[in-house]
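Everything on this sheet refers to the single structure shown next.
Just so you know, residue 1 is the first one in the sequence shown, and it goes up from there.
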Amino acid sequence: QWQLEESGGGSVEAGGSLTLSCEPTASGFTYGRYCMAWFRQTPGKEREPVAGVDTSGRTDYADSVRGRFTISKDDANNILYLQMNNLKPEDTARYYCAADVYYTGSCRLLEDEDMDYWGRGTLVTISS
């Protein structure tokens with residue numbers, strides 16, 4: 001069973017930057033074939049989409065992070081990134097990477113119900 005593992009979380013002040021990474025923990029997982037995405041969740045709230053990228057490089061972002069976050073992936077090394085700039089206290093959450101492996105046609109990118117594999121998350125805390 002494929003698993004994903006996030007890293008790069010931490011605590012920074014508002015206005016700062018962090019880069020999250022996501023790698024598979026088992027072989028046989030080829031990022032170039034799948035749509036990948038980042039989601040986040042804070043206690044007591046529903047999980048929300050952050051950003052997604054498909055196999056052609058098409059990206060989509062939640063309005064709350066558009067212009068501040070950038071999703072990218074290194075298909076050769078199977079690494080998914082989330083570059084987060086100008087961080088705000090409201091960005092505090094546990095961030096999860098996910099993969100839509102069994103898609104047909106085009107990916108919707110930001111629908112968590114479409115995701116087939118998830119990581120366990122990495123915590124991001126932004127102080128004001």
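Between Tyr103 and Asp114, every side-chain heavy-atom pair lies at or beyond the 4.5 Å cut-off. Put simply, the side chain of Asp75 does not reach to within 4.5 Å of the side chain of Thr30, judged on heavy atoms.
Listed by first then second residue, pairs satisfying ring-ring contact (aromatic ring centres under 6.0 Å, His included) with a partner in residues 35-78 read Phe39-Trp118, not counting sequence neighbours. Contacts classified as disulfide (SG to SG under 2.5 Å) and involving residues 58-115 (residues at least two apart or in different chains) are given here: Cys22-Cys97, Cys35-Cys107. Pairs of residues two or more places apart, or lying in two chains, never qualify as salt bridge (Lys or Arg N to Asp or Glu O under 4.0 Å) while including a residue from residues 5-17.
Among residues two or more places apart in sequence or in another chain, the salt bridge (Lys or Arg N to Asp or Glu O under 4.0 Å) test is passed with Arg33 by none. Every residue meeting the side-chain hydrogen bond (donor to acceptor under 3.5 Å, both in side chains) condition with Ser56, not counting sequence neighbours, appears here in chain and number order: Asp54. Partners of Asp74 under the salt bridge (Lys or Arg N to Asp or Glu O under 4.0 Å) rule, at least two apart in sequence or in another chain, do not exist in this structure. Scored by the side-chain contact (heavy atoms from CB on, under 4.5 Å) test, Ser7 finds Ser21 as partners (sequence neighbours excluded). Every residue two or more places apart in sequence or in another chain was checked for a salt bridge (Lys or Arg N to Asp or Glu O under 4.0 Å) with Glu46, and none qualifies. Applying the side-chain hydrogen bond (donor to acceptor under 3.5 Å, both in side chains) test to Arg66 and every residue at least two apart in sequence or in another chain returns Asp63.
Looking only at distances, a side-chain donor or acceptor of Lys73 sits under 3.5 Å from a matching main-chain atom of Tyr31. Asp100 places no side-chain N or O within donor-acceptor distance of the main-chain N or O of Met115, the cut-off being under 3.5 Å.
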For residues 79-91, run the donor-acceptor check on the side chains, cut-off 3.5 Å, and write out each pair with its distance to 0.1 Å, sequence neighbours left out.
residue, atom, partner, partner atom, Å
Gln83, OE1, Thr19, OG1, 2.4
Gln83, NE2, Asn85, OD1, 2.7
Asn85, OD1, Ser17, OG, 3.0
Asp91, OD1, Arg40, NH1, 2.9
Asp91, OD1, Arg68, NH2, 3.0
Asp91, OD2, Arg68, NH1, 2.7
Asp91, OD2, Arg68, NH2, 3.4
Asp91, OD2, Lys88, N, 2.8

Does Tyr34 form a side-chain hydrogen bond (donor to acceptor under 3.5 Å, both in side chains) with Tyr102? I'd like the steps, not just the answer. CA-CA 8 Å; Tyr34 312 132; Tyr102 304 114; over 6 Å; no
